[in-house]
Amino acid sequence: MYVPLPDADLLFLLAVAPSTGTFQAGLVRLSSCRFEEGKEEPSRLPAEKLYAASFDFVNGLRASVDESRLGASTADAVRAVHEELQDIFRQVADALLKRRSEA
């Protein structure tokens with residue numbers, strides 16, 4: 001899944017690794033991506049992510065940020081995305097624990 005955040009010049013990436021079920025998220029500069037006309041998915045992504053996160057039920061949420069490449073407004077946007085991911089994964093974990101206790 002790709003979600004452009006044009007106000008912050010960011011592209012949010014989200015995928016699930018099929019073999020492990022690990023959620024993987026990232027942020028890259030939108031202006032560094034290449035898009036083919038008429039397509040929503042980028043044809044090329046920059047090699048380096050400004051933000052990378054993964055979540056699984058063994059290790060929890062792990063994230064890294066390349067702060068050296070962030071301006072103040074971009075840093076605020078990255079923080080906001082990270083906080084949203086924390087909330088989402090906490091809700092997923094709580095729901096699964098609740099389901100397990102009811103079984």
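Residue numbers start at 1 and run along the sequence shown.
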Nearest-0.5 Å distance that lies between atom CG in Leu45 and atom CG in Leu11: 6.5 Å
Under the salt bridge (charged side-chain N to carboxylate O under 4.0 Å, His left out) test, residues paired with Glu67 that sit two or more places apart: none
Close side-chain approach of Val3 to Leu14, heavy-atom, < 4.5 Å: no
Separation between CG of Leu61 and CG of Asp56, rounded to the nearest 0.5 Å: 10.0 Å
ILVMFWY cluster, Val16 and Phe55 together (side-chain gap under 4.5 Å): yes
Heavy-atom closest contact (Ala77 atom, Leu10 atom, distance): CB-CD1, 3.7 Å
Spacing of CZ belonging to Arg29 relative to CG belonging to Leu5, to within rounding of 0.5 Å: 12.5 Å
Aromatic ring proximity Phe12/Tyr2, centre distance under 6.0 Å: no
Side-chain heavy-atom pair Leu13, Val28 within 4.5 angstrom cut-off: yes
Validation row: Val81, Leu27 side chains within 4.5 angstrom (heavy atoms): yes
Phe35 side chain near Leu30 side chain, heavy-atom distance below 4.5 Å: yes
Spacing of Phe23 atom CZ and Leu85 atom CG [to the nearest 0.5 Å]: 10.5 Å
Glu102 atom CD: more than 12 heavy-atom contacts under 6.0 Å: yes
Shortest non-hydrogen contact from Ala63 toward His82: CB-CE1, 3.7 Å
Residue that, paired with Glu36, satisfies side-chain contact (heavy atoms from CB on, under 4.5 Å) out of Lys39, Glu40, Arg34: Lys39
Separation of Leu96 CG from Lys98 NZ (nearest 0.5 Å): 12.0 Å
Those residues that, when tested against Arg90, pass salt bridge (charged side-chain N to carboxylate O under 4.0 Å, His left out) (two or more places apart): Asp87
Rounded distance [0.5 Å steps], CZ in Arg79 versus OH in Tyr51: 12.0 Å
